[in-house]
Chemist: 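To start, I am sharing the structure in question, which I have written as structure tokens.
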Amino acid sequence: MSRKITIIGAGSVGSTIAYTLSNDDIASEVVLIDIKKNKVEGEVLDIMQGTSFRDPISIVAGDYADAAGSDIVIITSGIARKPGQSRLELVQTNVNIIKEIAPKIVAAAPDALYIIVSNPVDIITYVFTKISGLPEHRIIGSGTLLDTARLRCALSEHFMVGQKNMHAYVFGEHGDSSFIPWSCAVVSGVQIDEYSNIMASHGLLDKPLDKEEMTSYIHKSGGTIIANKGATYYAVSVSVCRLCAVLLSAEDSILTISSMMHGEYGIEDVCISTLTLVGPNGIRTKVPVRLTEEETQKLRDSADKLKEVIQSINI
């Protein structure tokens, strides 16, 4: 079955998503679009020359019209975050870019599922939801999917057990106000504090789990990578491709993605990440896992921070 994915933006993230898709069986056709024609044509040529070792796949440098019939559209366009810069400092510039892109791509691919990756992703997802005219269930911000992947990587290294055994999440803004709801963090069904105690009693844990240090790691990882190599793109690309696989699969999955809130946890009219059931029909519903009072307040505080930004921008 033909599965078409269009990516808007051939920068580090967009081109790496295209490359990652070229090494998997998620899509049979990939369209990469960018205003820098030479850049996008070079990326496509480079990627295509590495596909001779797999089943046939079509990867083309296109324009908005070429997005027609897309199952998924991924938007990565925007100015990249600089060293020392927060995601929220990018806001108006990238809002203006999404305002320009939205009518063109929606006209070309009105039936697609949309994944928003551009930063600040919660704000851009909100703006796209407001201006696109598309049903909300078809608009999915990548949100804290990457943050959750970073958390599971760090927990895996701490406990020295495979990442697939880690069921812990990052909620809130994809940024400095995000937090880890430890009350629903488990290792293969065992609550994380209990698991930590069990491992320590068997001499299999070098040091106790420092939750504040883990939260700091999540907040600082992106900035550390940008300071060291200029940009982050590998982990986010794998996260987005995982989301694509879920959207093209036969069953729903539960992920931390950013979408419009309608009273969940007492939060309205902002896009933020919580557990969400998503699948081939897009967003099915939020999964309102029970949080502690402290965790609920952290989520509301994160939402309030995003609302302050929304009030300051021109949509």
Side-chain angles (χ1 to χ4, degrees), residues 86-88 115-117 119-126 129 136-137 139-156 158 163 166-187 191-193 209-223 232 235-236 239-240 242-243 246 252-278 283-310:
S86 75
R87 294 179 183 89
L88 292 182
I115 299 175
I116 310 300
V117 185
N119 273 320
V121 66
D122 302 292
I123 303 297
I124 302 301
T125 302
Y126 179 87
T129 301
E136 287 183 6
H137 74 274
I139 303 170
I140 302 160
S142 58
T144 59
L145 200 57
L146 171 59
D147 309 78
T148 295
R150 287 170 171 163
L151 171 62
R152 293 183 178 186
C153 176
L155 288 173
S156 173
H158 176 79
Q163 292 187 36
M166 300 297 155
H167 297 280
Y169 308 91
V170 177
F171 278 25
E173 171 207 1
H174 175 50
D176 294 338
S177 67
S178 66
F179 70 99
I180 303 165
W182 293 107
S183 64
C184 56
V186 299
V187 183
Q191 208 285 329
I192 201 161
D193 291 333
L209 176 63
D210 187 330
K211 295 178 180 178
E212 290 187 6
E213 182 181 301
M214 195 65 64
T215 300
S216 178
Y217 172 84
I218 301 308
H219 288 165
K220 294 179 179 179
S221 283
T232 66
V236 65
S239 299
V240 171
R242 164 61 180 157
L243 179 53
V246 167
D252 296 328
S253 294
I254 298 172
L255 302 171
T256 52
I257 56 92
S258 184
S259 61
M260 190 68 73
M261 300 291 281
H262 292 285
E264 299 87 356
Y265 303 102
I267 299 170
E268 297 266 5
D269 196 38
V270 67
C271 290
I272 203 166
S273 290
T274 62
L275 290 181
T276 307
L277 189 69
V278 293
I283 295 170
R284 296 289 298 277
T285 185
K286 302 286 196 306
V287 182
V289 62
R290 183 176 297 175
L291 301 176
T292 66
E293 289 185 11
E294 181 183 3
E295 290 166 349
T296 300
Q297 189 58 53
K298 286 181 178 179
L299 185 61
R300 291 172 180 169
D301 290 345
S302 188
D304 287 343
K305 181 177 180 180
L306 290 168
K307 285 184 176 182
E308 288 178 8
V309 177
I310 290 169

Chemist: Between R284 and L277 (side chain of the first, backbone of the second, donor and acceptor by atom type, cut-off under 3.5 Å), is there such a pair?
Modeler: no
Chemist: Could you tell me the separation between the OG atom of S302 and the CD atom of Q297, rounded to the nearest 0.5 Å?
Modeler: 11.5 Å
Chemist: If you take all heavy atoms of S142 and V240, which pair is closest and at what distance?
Modeler: CB-CG2, 4.4 Å
Chemist: As a test of understanding, state which of T276, L243, L145 forms a side chain to side chain contact (heavy atoms under 4.5 Å, CB included) with I140.
Modeler: L243
Chemist: If we ignore angles and hydrogens, is there a donor and acceptor under 3.5 Å between the side chains of T148 and T256?
Modeler: yes
Chemist: Got a donor-acceptor contact below 3.5 angstrom from the S221 side chain to the Y217 backbone?
Modeler: yes
Chemist: Examine distances only and state if a side-chain atom of E295 and a backbone atom of W182 form a donor-acceptor pair shorter than 3.5 Å.
Modeler: yes
Chemist: Drop me the distance from E173's CD to D147's CG, to the nearest 0.5 angstrom.
Modeler: 9.0 Å
Chemist: To the nearest 0.5 Å, what is the distance between CG (L155) and CE (M214)?
Modeler: 4.5 Å
Chemist: Measure the CD1-CG distance between I218 and D176 for me, rounded to the nearest 0.5 Å.
Modeler: 12.5 Å
Chemist: Between the side chain of T144 and the main-chain N/O of V170, is any donor-acceptor distance below 3.5 Å?
Modeler: yes
Chemist: Is the count of non-hydrogen atoms from other residues, nucleotides or ligands lying under 6.0 Å from K211 atom NZ greater than 12?
Modeler: yes
Chemist: For a quick test of reading the model, state the closest non-hydrogen atom pair linking S259 to I283 and the distance between them.
Modeler: CB-CD1, 3.4 Å
Chemist: Taking all non-hydrogen atoms of both residues, which atom of G175 and which atom of S178 are closest, and how far apart?
Modeler: O-OG, 3.0 Å
Chemist: Show the nearest heavy-atom pair for residues L291 and P181, with the distance to one decimal.
Modeler: CD2-CB, 3.8 Å
Chemist: To the nearest 0.5 Å, tell me how far I254 CD1 sits from T274 OG1.
Modeler: 11.0 Å
Chemist: Checking the side chain of R300 only, and the main-chain atoms of I267 only, is there a donor and an acceptor separated by less than 3.5 Å?
Modeler: no
Chemist: List the steps, then state whether side chain to side chain contact (heavy atoms under 4.5 Å, CB included) holds for K286 with H262.
Modeler: CA-CA 10 Å; K286 302 286 196 306; H262 292 285; 5.6 Å; no
Chemist: One pair to check against side chain to side chain contact (heavy atoms under 4.5 Å, CB included): H174 and N119. What are the steps and the verdict?
Modeler: CA-CA 9 Å; H174 175 50; N119 273 320; 3.5 Å; yes
Chemist: Any chance you could measure K307, atom NZ, to C271, atom SG, to the nearest 0.5 Å?
Modeler: 11.0 Å
Chemist: Could you tell me which non-hydrogen atom of V289 sits nearest to which non-hydrogen atom of C184, and how far apart they are?
Modeler: CG2-CB, 4.0 Å
Chemist: Apply salt bridge (charged side-chain N to carboxylate O under 4.0 Å, His left out) to E264 and list each qualifying residue two or more places apart in sequence or on a separate chain.
Modeler: none
Chemist: If you compare all heavy atoms of S183 against all heavy atoms of Q191, which two are closest, and at what distance to 0.1 Å?
Modeler: O-NE2, 4.1 Å
Chemist: Return yes if some donor-acceptor pair links the side-chain N/O of T129 with the main-chain N/O of T125 below 3.5 Å, else return no.
Modeler: yes
Chemist: Side chain to side chain contact (heavy atoms under 4.5 Å, CB included), that's the test. Do D269 and Y126 meet it? Break it down for me.
Modeler: CA-CA 8 Å; D269 196 38; Y126 179 87; 3.1 Å; yes
Chemist: Quick one: does any side-chain atom of S253 pair with a main-chain N or O of V246 as donor and acceptor, under 3.5 Å?
Modeler: no
Chemist: Checking V186 now: which residues fulfil side chain to side chain contact (heavy atoms under 4.5 Å, CB included) with it, not counting sequence neighbours?
Modeler: H167
Chemist: Could you check F179 against D301 for side chain to side chain contact (heavy atoms under 4.5 Å, CB included), going step by step and ending with a plain yes or no?
Modeler: CA-CA 10 Å; F179 70 99; D301 290 345; over 6 Å; no
Chemist: Using the salt bridge (charged side-chain N to carboxylate O under 4.0 Å, His left out) rule, take K305 and D122 through it: C-alpha gap first, then chi angles, then the decisive distance, then the call.
Modeler: CA-CA 11 Å; K305 181 177 180 180; D122 302 292; over 6 Å; no
